[in-house]
Peer 1: 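To start, I am sharing the structure in question, which I have written as structure tokens.
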Number of protein chains: 2
Amino acid sequence: MDKLAATLMFESLSSGIRLDIYRLLVKAGPDGLVAGDIATALALPPNNTSFHLKTLTQAGLLSATQEGRFQRYRANMRLMTELIDYLTAECCTGNPDQCADLSLPVSNCCVSNETTP
Amino acid sequence: MDKLAATLMFESLSSGIRLDIYRLLVKAGPDGLVAGDIATALALPPNNTSFHLKTLTQAGLLSATQEGRFQRYRANMRLMTELIDYLTAECCTGNPDQCADLSLPVSNCCVSNETTP
DNA sequence: TCATTATTTCAATAGTTCTTGTATAGTTGA
DNA sequence: TCAACTATACAAGAACTATTGAAATAATGA
């Protein structure tokens, strides 16, 4: 994870529409969704949906595969974890005690399926 | 964590300069840094530094406290963990097996001080 | 008080992004 | 082959963001 890749990912997620798309695909899991279903689910015009899907894909947050005339998109969860790792790298260097109370809740994913309050 | 807050945070981190500032402050830990030190460390003009610090603070990623004529900034780590939680909420709903191999590396923070490869 | 230092604010400009409409490419099935 | 469907590409205009220089605010110390 380098700085350029990280800024690309953040820029991608800085749009409400793209954030909706990404979270929809995280929720959809490994099966992903085809472009038309995404557009329908979020009530977006197809060309605008395509625009945002392209942005997310170029940032690496989504992967796309062709299925006949459909285009299936999936969230790249692994890249997300790398981004998080990049952000928190060298956290409190030399002073682990000082931020030990953070109790990072991230690993809730796939441990509990309840949404956090 | 609502959508507006999340997009604000992502928008803040989508600039290379602001990403540098944030990571510098994560590394600095609870002591934070004053604005001038941040500008010096990143070789930025003071007014531009102020511009980006304001953006990060408005997004909630930084907190600012006055110290005489200095302004001290600190990273808000807890908000970051909330953002991550928001992103991965309902991950693979109903299919926990399918993404169980993610082995989220986030909790590296404050467990190991080594930078990840 | 007055000069100095630290930081922020404001205005102007250049560059970028988002949305919409239109057109195009590729796939499917009759 | 032809028509219908899925999805993307392109262009134009409005709206937004980043950078810079100049000025303002506020605290410190001689």
Side-chain angles (χ1 to χ4, degrees), chain A residues 3-25 28 31-76, chain B residues 3-25 28 31-76:
Chain A
K3 188 164 91 176
L4 180 59
T7 52
L8 266 177
M9 291 174 69
F10 286 126
E11 192 178 344
S12 291
L13 294 170
S14 70
S15 144
I17 290 178
R18 289 195 292 268
L19 186 55
D20 283 341
I21 292 174
Y22 183 77
R23 294 183 77 224
L24 183 65
L25 286 170
D31 291 341
L33 291 170
V34 298
D37 289 345
I38 297 170
T40 302
L42 301 176
L44 295 170
N47 56 351
N48 197 15
T49 306
S50 181
F51 170 80
H52 291 298
L53 285 170
K54 184 181 171 186
T55 302
L56 285 161
T57 305
Q58 284 176 338
L61 284 164
L62 303 184
S63 63
T65 56
Q66 190 103 28
E67 287 185 7
R69 64 179 138 176
F70 298 90
Q71 198 80 18
R72 182 169 296 273
Y73 288 90
R74 295 176 178 85
N76 184 350
Chain B
K3 188 164 93 174
L4 180 59
T7 52
L8 266 177
M9 292 174 70
F10 285 127
E11 191 178 344
S12 292
L13 294 170
S14 69
S15 144
I17 290 179
R18 290 195 292 267
L19 186 55
D20 284 342
I21 292 174
Y22 183 78
R23 294 183 77 223
L24 183 65
L25 286 170
D31 292 342
L33 291 170
V34 298
D37 289 345
I38 296 170
T40 302
L42 301 177
L44 294 172
N47 55 352
N48 197 16
T49 306
S50 182
F51 170 80
H52 290 298
L53 285 171
K54 184 180 173 186
T55 302
L56 284 162
T57 304
Q58 285 177 337
L61 284 164
L62 304 184
S63 63
T65 56
Q66 191 104 27
E67 286 185 8
R69 65 179 136 175
F70 298 89
Q71 197 81 15
R72 183 169 296 271
Y73 287 90
R74 295 177 178 84
N76 183 352

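Below, chains carry the letters A, B, ... as their sequence lines are ordered, and counting in each starts from 1. No experiment lies behind these values; they were computed from the predicted model shown.
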Peer 1: Quickly work out the B:I38 CD1 to C:dT7 P distance and round it to whole Å.
Peer 2: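 The distance from CD1 of B:I38 to P of C:dT7 comes to 9 Å, rounded to the nearest Å.
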
Peer 1: Given atom CG of A:N47 and atom P of C:dT20, what is their separation to the nearest angstrom?
Peer 2: 8 Å

Peer 1: Using a strict heavy-atom distance below 4.0 Å, which residues from residues 56-66 of chain B are in contact with DNA chain C?
Peer 2: none

Peer 1: At their closest point, which heavy atom of A:Y73 faces which heavy atom of A:L25, and how far apart are they?
Peer 2: O-CD2, 3.4 Å

Peer 1: Please determine whether side chain to side chain contact (heavy atoms under 4.5 Å, CB included) holds for the pair A:N48 and A:I17, giving the CA-CA distance in whole Å, both sets of side-chain angles, and the decisive distance to 0.1 Å.
Peer 2: CA-CA 10 Å; A:N48 197 15; A:I17 290 178; 4.2 Å; yes

Peer 1: Output the single nucleotide from D:dT6, D:dA7, C:dT4 whose closest atom is nearest the side chain of A:Q71.
Peer 2: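 Nearest to the side-chain atoms of A:Q71, counting from C-beta on, is D:dA7.
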
Peer 1: Calculate, to the nearest 0.5 Å, the distance between atoms CG and CZ belonging to A:L53 and A:R18 respectively.
Peer 2: 10.5 Å

Peer 1: Tell me the interatomic distance from B:Y73, atom OH, to C:dT7, atom P, rounded to whole angstroms.
Peer 2: 8 Å

Peer 1: Which atom pairs link the protein and nucleotides 17-19 of chain C when you take only N or O atoms and keep those under 3.5 Å?
Peer 2:
{"from": "C:dT17", "atom 1": "OP1", "to": "A:E11", "atom 2": "OE2", "distance (Å)": "3.1"}
{"from": "C:dC18", "atom 1": "OP1", "to": "A:R18", "atom 2": "NH1", "distance (Å)": "3.4"}
{"from": "C:dC18", "atom 1": "OP1", "to": "A:R18", "atom 2": "NH2", "distance (Å)": "2.9"}
{"from": "C:dT19", "atom 1": "OP2", "to": "A:H52", "atom 2": "NE2", "distance (Å)": "2.7"}

Peer 1: Among the nucleotides C:dT9, C:dT5, D:dT8, which one has an atom lying closest to any side-chain atom of B:R69?
Peer 2: C:dT5

Peer 1: How many Å lie between CZ on B:F70 and P on C:dT5, as a whole number?
Peer 2: 11 Å

Peer 1: Between atom CG in B:L44 and atom P in D:dA18, what is the gap in whole Å?
Peer 2: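 My rounded result for the distance is 13 Å.
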
Peer 1: Between C:dT8, C:dT28, C:dA6, which one does the side chain of B:L53 approach most closely?
Peer 2: C:dT8

Peer 1: Which of these passes side-chain hydrogen bond (donor to acceptor under 3.5 Å, both in side chains) with A:T65: A:Q71, A:R72, A:R74?
Peer 2: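 Output: one option passes, namely A:R74.
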
Peer 1: To the side chain of A:K54, which of C:dT9, D:dA9, D:dT28 is closest?
Peer 2: D:dA9

